[in-house]
Amino acid sequence: MNVRKMRLFDYENIHSSEDRDEFEKDYARLIQSPAFRRLQGKSQVFGAGSGDYYRTRLTHSLEVSQIAREVARKLCKNNPFLAKREHPGLMMDPEVVECASLAHDLGHPPFGHKGEEVLNDILMDECGLKYEGNAQNFRILMFLEKRAGSDSGLDLTAAVLLAINKYPFSLEDPGRLKGVYGMEWEGIASLRKAWGMPDGCATLEAQLMDLCDDIAYSTHDIEDGIRAGKIQMNTSLFEDDRLIESVMQEIIDDPGNAVMHWEQVDMKLMVKQALLHYLQQWETIYVECGREPSRTRREMKARWVRKFVSGVGIIDDPATGWKRVTFIRDGVQDLELLRTMEILKKLAWVTLIKDFRVQRLHKRSEIMIRRLWDSFRTPESGRLIIPPDWLESYERQRSKWPWERMVADYIAGMTDAYAEKVYTEFYASRSGSIYERD
């Protein structure tokens with residue numbers, strides 16, 4: 001058996017016997033799933049529906065998949081060891097990386113990261129349960145989603161599931177902030193065991209998907225921020241000590257940045273230089289593009305994506321005995337480029353997410369999610385206002401999920417607009433119709 005194309009439930013492929021490659025079937029299952037369609041109504045940075053220009057979770061996922069697929073092809077050409085296919089976790093199929101990228105954000109609830117934070121706070125405070133977007137990905141893919149002939153999620157191939165699994169841990173382990181819920185971890189752990197994956201190590205395809213997600217975030221979200229006027233391309237912003245200090249603080253507060261060894265450099269100087277370089281590049285391209293802001297934004301984005309993509313490579317990781325997908329230069333990890341990307345990510349964060357008007361929207365979304373939770377939390381009254389198909393699924397498999405998890409799943413699956421619609425039905429003074437379809 002090809003362990004990369006094995007499925008947890010449909011071992012004989014009796015429900016997918018048509019003449020297509022297994023990864024092509026995964027692609028079709030993903031893009032035709034309701035969970036994928038709902039990404040068009042979920043926030044990336046700005047609220048979905050803020051305008052027809054700004055990215056949503058759907059357009060972000062499509063862009064990540066395009067970048068990741070092309071980088072995978074490049075890596076296959078430049079790394080002869082990949083052609084040997086000596087280990088299932090040390091392979092690089094562009095189709096697998098593409099599928100993983102399309103699925104990497106399915107677990108995000110409405111209202112972006114704020115929605116994730118609020119749901120986790122509610123579940124932890126009231127039930128001792130966790131909510132985490134990456135874990136919710138697997139809950140959707142392996143349990144909640146349905147497809148023809150199966151009642152066990154989309155039943156994707158092992159290669160695609162493990163390529164989505166950038167945090168190969170059980171979320172139920174003490175102190176673990178990111179990972180996979182215990183119920184789905186059993187299946188993921190069995191696949192990792194079948195592959196002989198080292199503990200705590202992600203496949204090369206998962207690492208590439210994660211890195212391309214960061215590349216997209218650090219380039220595309222800034223483009224949206226400039227278009228929205230949140231990032232003013234002038235020296236008064238880019239040389240503002242408050243901006244520099246805010247970027248630095250976000251870097252310091254992010255525990256994932258320890259691998260970049262910031263202690264080896266003068267952080268303040270590097271942040272200032274990186275921001276100044278970004279502004280100077282903008283001014284140069286602005287002139288080249290005939291002083292057209294729209295063309296300049298697109299060209300800036302393209303050049304930075306190209307710069308990051310050209311630096312992606314694979315090196316040995318002595319700390320784990322595995323391999324690492326990262327930026328490399330002269331055969332070693334390019335920490336300078338990694339740090340530069342992190343500075344741009346934090347620039348987007350402090351100018352967009354930390355903007356007081358965005359924070360007001362976050363506060364509004366927090367109120368909505370908490371009041372929706374309050375409406376559904378009690379089974380006796382909640383079952384009267386939850387759609388029948390959810391109740392039928394809950395009753396059929398109630399041994400696998402408590403009521404509180406089902407409510408969290410229902411709220412998390414909402415788009416921004418649908419969450420507002422239900423909230424308005426409950427709490428706003430308005431006239432509605434019972435003939436509106438959910």
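With 3.5 Å as the limit, one finds no donor-acceptor pair spanning the side chains of D210 and H104. Between the side chains of S246 and R242, no donor-acceptor pair of N or O atoms lies under 3.5 Å.
At distances below 3.5 Å, not a single donor-acceptor pair connects side-chain atoms of D416 with backbone N or O atoms of P110. One N or O on the side chain of K146 and one on the backbone of L144 form a donor-acceptor pair closer than 3.5 Å. The closest donor-acceptor contact from the side chain of N79 to the backbone of L82 lies at 3.5 Å or more, if one exists at all. Checking side-chain atoms of E116 against main-chain N and O of G133 turns up a donor-acceptor pair under 3.5 Å. The closest donor-acceptor contact from the side chain of N137 to the backbone of G107 lies under 3.5 Å. A donor-acceptor distance shorter than 3.5 angstrom exists from the side chain of R38 to the backbone of G413, with no hydrogens or angles considered. In this structure, the side chain of Y427 engages the main chain of R371 through a donor-acceptor pair within 3.5 Å. In this structure, Y217 contributes its side chain and H60 its backbone to no donor-acceptor pair below 3.5 Å. Under the 3.5 Å distance criterion, the side-chain polar atoms of W403 are matched with a main-chain donor or acceptor of R377. Listed for the S393 side chain is no donor-acceptor partner under 3.5 Å among the backbone atoms of D389.
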Next item on the list: Take W401 and M183, measure what side chain to side chain contact (heavy atoms under 4.5 Å, CB included) needs, and give me the verdict at the end.
Entry: CA-CA 9 Å; W401 50 341; M183 176 177 159; 5.7 Å; no
Next item on the list: Go through the steps for E299 and R303 under the test salt bridge (charged side-chain N to carboxylate O under 4.0 Å, His left out), then give the verdict.
Entry: CA-CA 6 Å; E299 183 63 24; R303 291 192 190 185; 2.7 Å; yes
Next item on the list: Take E223 and R227 through the test salt bridge (charged side-chain N to carboxylate O under 4.0 Å, His left out) and record every step on the way to the result.
Entry: CA-CA 6 Å; E223 181 188 12; R227 172 65 176 80; over 6 Å; no
Note to self: For D21 and K5: C-alpha separation, side-chain torsions, deciding distance, then whether salt bridge (charged side-chain N to carboxylate O under 4.0 Å, His left out) applies.
What the structure shows: CA-CA 9 Å; D21 181 79; K5 295 185 177 182; 2.6 Å; yes
Next item on the list: Verify side chain to side chain contact (heavy atoms under 4.5 Å, CB included) between K114 and L361, making sure each step is shown before the conclusion.
Entry: CA-CA 10 Å; K114 187 62 179 180; L361 290 175; over 6 Å; no
Note to self: Working note: I367 + Y423, criterion side chain to side chain contact (heavy atoms under 4.5 Å, CB included); need CA distance, chi angles, decisive distance, verdict.
What the structure shows: CA-CA 10 Å; I367 292 170; Y423 175 84; 4.2 Å; yes
Next item on the list: Verify side chain to side chain contact (heavy atoms under 4.5 Å, CB included) between D214 and M341, making sure each step is shown before the conclusion.
Entry: CA-CA 8 Å; D214 282 345; M341 182 176 69; 3.7 Å; yes
Next item on the list: Go through the steps to decide whether R339 and E336 satisfy the test salt bridge (charged side-chain N to carboxylate O under 4.0 Å, His left out), and finish with yes or no.
Entry: CA-CA 5 Å; R339 294 176 188 134; E336 181 178 355; over 6 Å; no
Check: Please walk me through it: do R298 and S294 pass side chain to side chain donor-acceptor pair (under 3.5 Å)?
Finding: CA-CA 6 Å; R298 294 196 298 272; S294 179; 2.7 Å; yes
Residues 320-328, side-chain donor-acceptor partners within the protein, below 3.5 Å, at least two apart:
| from | atom 1 | to | atom 2 | distance (Å) |
| --- | --- | --- | --- | --- |
| T320 | OG1 | D317 | OD2 | 3.3 |
| T320 | OG1 | W322 | N | 3.2 |
| W322 | NE1 | A202 | O | 2.9 |
| K323 | NZ | D316 | OD1 | 2.5 |
| R324 | NH1 | Q333 | OE1 | 3.0 |
| R324 | NH2 | D317 | OD1 | 3.1 |
| R324 | NH2 | D317 | OD2 | 3.2 |
| T326 | OG1 | Q333 | NE2 | 2.9 |

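E117 CD to Y131 OH: the interatomic distance, rounded to the nearest 0.5 Å, is 13.0 Å. Separating the CD1 atom in I314 from the CG atom in L75 is a distance of 4.5 Å, to the nearest 0.5 Å. Once rounded to the nearest 0.5 Å, the distance linking CE of M406 with CD1 of I411 reads 10.0 Å. The CD1 atom of I164 sits 6.5 Å away from the CG atom of L30 when rounded to the nearest 0.5 Å. The CD atom of Q397 sits 12.0 Å away from the CD atom of E392 when rounded to the nearest 0.5 Å. Taking OG1 from T415 and CZ from R57, the interatomic distance works out to 13.5 Å, rounded to the nearest 0.5 Å.
Minimum heavy-atom separation, F169 to G200: CE2-CA, 3.6 Å. Across all their heavy atoms, H87 and G196 have their closest contact at NE2-O, 3.3 Å. Residues M414 and A419 approach most closely at SD-CA, 3.7 Å, considering heavy atoms. Listed here is the closest heavy atom pair of E404 and L123: O-CD2, 4.1 Å. When all heavy atoms of S375 and I385 are compared, the closest pair comes out as O-CD1, 3.5 Å. Nearest heavy-atom pair, A408 versus W373, reported as atom, atom and distance to 0.1 Å: N-CZ3, 4.0 Å.
When side chains are defined from C-beta on, E205 does not count as touching L162, because their heavy atoms never get closer than 4.5 Å. Residues E63 and T219 are not in side-chain contact: their nearest non-hydrogen atoms beyond the backbone lie 4.5 Å or more apart. I222 is not listed as a side-chain neighbour of K301, based on a closest heavy-atom distance of 4.5 Å or more. Within the 4.5 Å cutoff, the side chain of L156 has no heavy atoms near those of the C99 side chain. With a 4.5 Å cut-off on side-chain heavy atoms, R192 and P168 count as touching. Under the 4.5 Å side-chain criterion, counting only non-hydrogen atoms from C-beta, S190 is in contact with L8. At least one side-chain heavy atom of I215 sits less than 4.5 Å from a side-chain heavy atom of V312. The shortest side-chain heavy-atom distance between R85 and D93 falls under the 4.5 Å cut-off.
The 12-atom threshold is exceeded at NZ of K74, counting heavy atoms of other residues, nucleotides or ligands nearer than 6.0 Å. Around CD of Q359, the count of heavy atoms belonging to other residues, nucleotides or ligands within 6.0 Å exceeds 12. By the neighbour-count criterion of 12 heavy atoms within 6.0 Å, atom CG of D199 is sparsely surrounded, having that number or fewer from other residues, nucleotides or ligands.
With respect to R7 and E22, a salt bridge is recorded, a charged nitrogen being found less than 4.0 Å from a carboxylate O.
Partners of R69 by salt bridge (charged side-chain N to carboxylate O under 4.0 Å, His left out), not counting sequence neighbours, listed by chain and number: E98. With sequence neighbours left out, K346 forms a side-chain contact (heavy atoms from CB on, under 4.5 Å) with V247, E250, I251, D254, N257, E342.
You'll find the ring centres of F426 and F376 inside the 6.0 Å limit. Here W390 and Y394 keep their ring centres 6.0 angstrom or further from each other.
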